[in-house]
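Any value given below was found using the heavy atoms of this structure, including those in side chains, with hydrogens, waters and symmetry copies removed.
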Number of protein chains: 4
Amino acid sequence: MHFRSDNAGPAHPSVLEAMIAANTGYAPGYGAEPLMADVADKNRMLFEAPEAAVYLVATGTAANSLALATYCQPWQTTYCAPVAHVQEDECNAPEFFSGGAKLTLVGSGDKFTADELKAVMAEQEVRGVHGAQRGPVTITQSTELGRLYTLDEIAAIAEVTHGFGQKLYMDGARFSNAVAALGCSPAEMTWKAGVDAVSFGGTKNGCVGVEAVILFDPEKAWEFELRRKRGAHLFSKHRYLSAQMAAYLADDLWLTCARAANANCARLAEGLKGVDGVSFLHAPEANALFAEMPREMHRRLVEGGAGYNLWGEPMSAIHEDGGPILARFVCDWSLPAIEIDRFVEIARG
Amino acid sequence: MHFRSDNAGPAHPSVLEAMIAANTGYAPGYGAEPLMADVADKNRMLFEAPEAAVYLVATGTAANSLALATYCQPWQTTYCAPVAHVQEDECNAPEFFSGGAKLTLVGSGDKFTADELKAVMAEQEVRGVHGAQRGPVTITQSTELGRLYTLDEIAAIAEVTHGFGQKLYMDGARFSNAVAALGCSPAEMTWKAGVDAVSFGGTKNGCVGVEAVILFDPEKAWEFELRRKRGAHLFSKHRYLSAQMAAYLADDLWLTCARAANANCARLAEGLKGVDGVSFLHAPEANALFAEMPREMHRRLVEGGAGYNLWGEPMSAIHEDGGPILARFVCDWSLPAIEIDRFVEIARG
Amino acid sequence: MHFRSDNAGPAHPSVLEAMIAANTGYAPGYGAEPLMADVADKNRMLFEAPEAAVYLVATGTAANSLALATYCQPWQTTYCAPVAHVQEDECNAPEFFSGGAKLTLVGSGDKFTADELKAVMAEQEVRGVHGAQRGPVTITQSTELGRLYTLDEIAAIAEVTHGFGQKLYMDGARFSNAVAALGCSPAEMTWKAGVDAVSFGGTKNGCVGVEAVILFDPEKAWEFELRRKRGAHLFSKHRYLSAQMAAYLADDLWLTCARAANANCARLAEGLKGVDGVSFLHAPEANALFAEMPREMHRRLVEGGAGYNLWGEPMSAIHEDGGPILARFVCDWSLPAIEIDRFVEIARG
Amino acid sequence: MHFRSDNAGPAHPSVLEAMIAANTGYAPGYGAEPLMADVADKNRMLFEAPEAAVYLVATGTAANSLALATYCQPWQTTYCAPVAHVQEDECNAPEFFSGGAKLTLVGSGDKFTADELKAVMAEQEVRGVHGAQRGPVTITQSTELGRLYTLDEIAAIAEVTHGFGQKLYMDGARFSNAVAALGCSPAEMTWKAGVDAVSFGGTKNGCVGVEAVILFDPEKAWEFELRRKRGAHLFSKHRYLSAQMAAYLADDLWLTCARAANANCARLAEGLKGVDGVSFLHAPEANALFAEMPREMHRRLVEGGAGYNLWGEPMSAIHEDGGPILARFVCDWSLPAIEIDRFVEIARG
């Protein structure tokens, strides 16, 4: 009954098999191995973006920080939602990699609207050289609260972003879950909607540790490469990143895993729906469910062996007195249905 | 009729006279001149802080950025109000000098309460290594909206700050105006209330360009000196900073100027009170008044020769249609009463 | 006939097997998995350092940059040899991670003496606040030119370093090769000789991508963790780093691989010794050989299928006219003896 | 008998008079005052560069750091001489302002040749993404050892610099002394010889604290403004910088002062020439003389009231036993001839 994070589950066996298959003989390092050329091409095909620059890094924070820094000068600000991973969970990595750029928070949760963005970006006008200058916009898809931006919402945000001469980045740590949920193509959810760069996350969805950063306009490709090296994120034995990504792309493993994860979350939501005392923050749209539950239900679940995190509070809060508490349940591809059902059963009491 | 900023007015003649007096013969540079030793001592006496480290820089942004960086590691966050100068008007200087630390906004305006601060600082608990770590707190006294923290409010904020093991910094660009308004001593408004470091601003209050940074605990004095040099803020001909500060301290010029500026603001507020269509954001407490006025009143004032800034909008907004607009009026020590009265007369129409 | 780099060869099969073995079920991430506790303990035992802090990262540049930044303030300088990896091959990563600290070059090659270090560190005295301040010292063992510091040399350098109140770091990308060559213990080559922190490299010696950073004094352990996270080098699925390190430690795989690599290099040197026109930069002491050869010998080797790099020049230089050129030959554990012999045969012509 | 530094002397009276003249009534700040427009124009005329962007800062380190950072990406390196001020006397300010770019040392002293530069810049070729990338070149004119680059030497260095696609910056802390010595025009010594940006120093030559940074190609002007603000070097009461520069330009005060300083140095050299035991490092070319003297001569001079610095050693070295020691004598415009003569007399014994 593991709902702590989609990065707590195992890698898909075929990913490790690909790493073993790559483990033969000598290969040039640093991304110069033939496998990387192949992986880059396959990503370009998947994204229908023949000109795109494609790079691999091993962590989501590296993908976000390097991509945003590429589009954000140190005297500028990146616009993001208040619960964005880049704001809350990267220990100032975006500020570090950008050389001290600011993050400006838009909206009040995991998503913001084009209008909210426009209002905040317009504000900068009055300060001239004194204020932080406008920089890129980042959205997370699916969001940190398990929701989705629709294609229209993305396009509207892109329009505002571009209207101010800036770039739109998509934190795609759970990119596949979003594509699976929306039933669109990777291209539709990115450059066709105006996204300029995206991270195509593998780590949370069946890989060992790999994220592709895709710059649809390759103009800053060499700068990205220098930033990656300077950030110590260029792997010498790069073939093991390439191998993961090759396996991830083969037979649409990325989509298969994402569908499985989303289905697991739907099963969980279905099971909890109507359980006395349980209410959802919102209907789950991808692979994460946020549900409020009475404290004794939490205690029962934890004693029963369930693993998950409270939202905004340490797990110890369930032992205090008080009302219901919000918890986050993230489902990965590998969760057995029987475990989900057992969890629901305990919740029901 | 100049209300644009207290840094648009002239320096007090005695400040320039002191610079000329210092302009004789050779003197060691970089703060090693005898005059600086004297100035440091006088600051320590004024602040009743015999152990304090005292440094001079030429801009308020330098004072803020260097002091905050001294107490904020790159992976930490500085807590400040949303309209704090460090957040809005320094083009990411705090992020630059700290090596990429974050600013976390507390409250919704120019002031925040100890309780608001406590709630925000407590939040950090749940994120461990993933979130920005807690760092120093900064308050501006008097604030960017012309208000004051009472001594009790400062003490309460200091208690929360210290409770989390952090330092409290006071942006004293308008320190003198606050002391004049509160009728307290510099010591009472700083270390006696728990402030760990302060900038004692001269530039906005009669000097050419000088701010004293006072670290009540000298433990980090040498680090501050290195940061000042590395930031290119250590003056070779430092005697001209010392001379300004010497004049500023002599015969309490700092207090005389501040009282004059505050009195000018009071006269302006008195004159505008009750004028049809004029309303104050709040009663002015130091030397700045924020007042909402009809657009045609703005047009009349500007055509009549008045100089000031709108708040959050360019001056051109007065030529658009629409309702009343908020303006900021800052008074310096040199404003002639007759000009204030003329302004009021035009406003009355 | 692959001599390009010890990071161009494959990982040892048992390393990948360990990764597969770790790929079962759920595990806490970010180094909180039980396997990491075990790996840390085993490292402490290997280094006879029960108090040491042990961390894993995936690249050698990350290990170097994070460790050095932990001991180097932005206004300080790190002392290193001119051909040190940190100076030549990390695209300013040390400057980036330290927030702009300098690198000061000592000596003229890959090694420097305690006396050379002392002279350079002493120089700083005369500049006071104006010059870069003294920071840590880093040595590479085995060096970038395939040589070794003796235990006495290390101890002498440590004494100078500590005499100036600074820390000594050892870049151990090829740590195992050095231990194997010196026949000493890891403890003898590090803290017993005065080394304060070391990277224990796995990537170049049979792993997929893992380096242990060991801080013998754990005082700055938490700072290191924050720097690792902020640098985007904290892996969510950290178990796959732990698994590699576990395999590397098991049955002294690190030592077995290093001995094999060193033996391969000795075989190469033995074969080339006395070949007409070939001269060694110095007798190889670990797993790298630097040899000068006539251009036509280079052409013959490359045409015959050999892979290696020239030192200080692009490979295309072999097609130009001129005298002999220096080449670097690095041997990894997996090189078949028959390939080495074939190489020698071609060189002999 | 003050030879410590040209920043230890007083400001020229007309500079302070201009500051007083500027101290009337209100003026927009931050460089928007009318006086700055005038000063910028006059600088453009002096440099025969109608398109140039002209900015004022208060310290030489600020001028150097901001200008170099504008032309040096964080993953690049700036090329400079080993005794360059930016390398030795700015406590890592260039590294700080550039976000961690490296400094690569060329030659072995205060000057380097175009050939030496070419050889070092060419080296970068072989490292690709791994090494620091090429960035701007900086030369100091007159140099830190009181020497001059000829116009031809500058042009040759510019050619190499531009050949690698980089920019040439001139640290002109003692720009005026060089122009006075060479008898050329400011344009000839800068853009006509290929210099892309220069600092035109006032502080060491009669001003209180002002340096003009002149970018001959204004393409990066706005970036420079943002960097200046972010570095806390944009003065609110900017008129006092403008006033200094206005006085400095009026009636060629810059040239008058520089000629006086150079003449003082020539008088000193003339007086010391042939004194027993005195030898010059080289013939002085501007306003600094480096002379080796016996220790007892040093003691006699210091006891007689002379002020100067040893080169590379603390003044206390004169009390130790040993051979002659090298000292630096810098002459400013204000040195009375009688003091120079008295110094020479004491030296003669």
* Structure fact -> Given C/A93, C/S98, C/G312, C/G99, the one with more heavy-atom pairs under 4.5 angstrom with chain D than any other is C/G312

* **Choice from C/T61, C/V126, C/D89, C/L103 maximising heavy atom contacts with chain D below 4.5 Å** => C/D89

* Structure fact -> ring-ring contact (aromatic ring centres under 6.0 Å, His included) filter on C/H130, not counting sequence neighbours, yields B/Y30

* Please list, in residue-number order, every residue in residues 318-328 of chain D that has a heavy atom less than 4.5 Å from any heavy atom of chain C; write 'none' if there are none. => none

* To do: Using heavy atoms and a sub-4.5 Å threshold, report which of residues 72-88 of chain D line up against chain C, by residue number.
  => D/P74, D/W75, D/Q76, D/V86, D/Q87, D/E88

* **Approximate separation, where rounding is to 0.5 Å, of C/R127 CZ and D/C91 SG** => 12.0 Å

* Asked: Atom CD of C/E95 and atom NZ of D/K102: how far apart are they, to the nearest 0.5 Å?
  -> 3.5 Å

* Asked: What residues, two or more places apart in sequence or in another chain, satisfy salt bridge (Lys or Arg N to Asp or Glu O under 4.0 Å) together with D/K167?
  -> none

* Structure fact -> Minimal heavy-atom distance between D/A132 and C/N92, with the atoms involved, is CB-OD1, 3.3 Å

* Asked: Contact part of C/L310 toward chain D, heavy-atom cut-off under 4.5 Å: side chain, backbone, both or neither?
  -> neither

* Asked: For D/L105, is it the side chain, the backbone, both, or neither that has a heavy atom closer than 4.5 Å to a heavy atom of chain C?
  -> neither

* State whether the number of non-hydrogen atoms from other residues, nucleotides or ligands found under 6.0 Å of D/K220 atom NZ is greater than 12. => yes

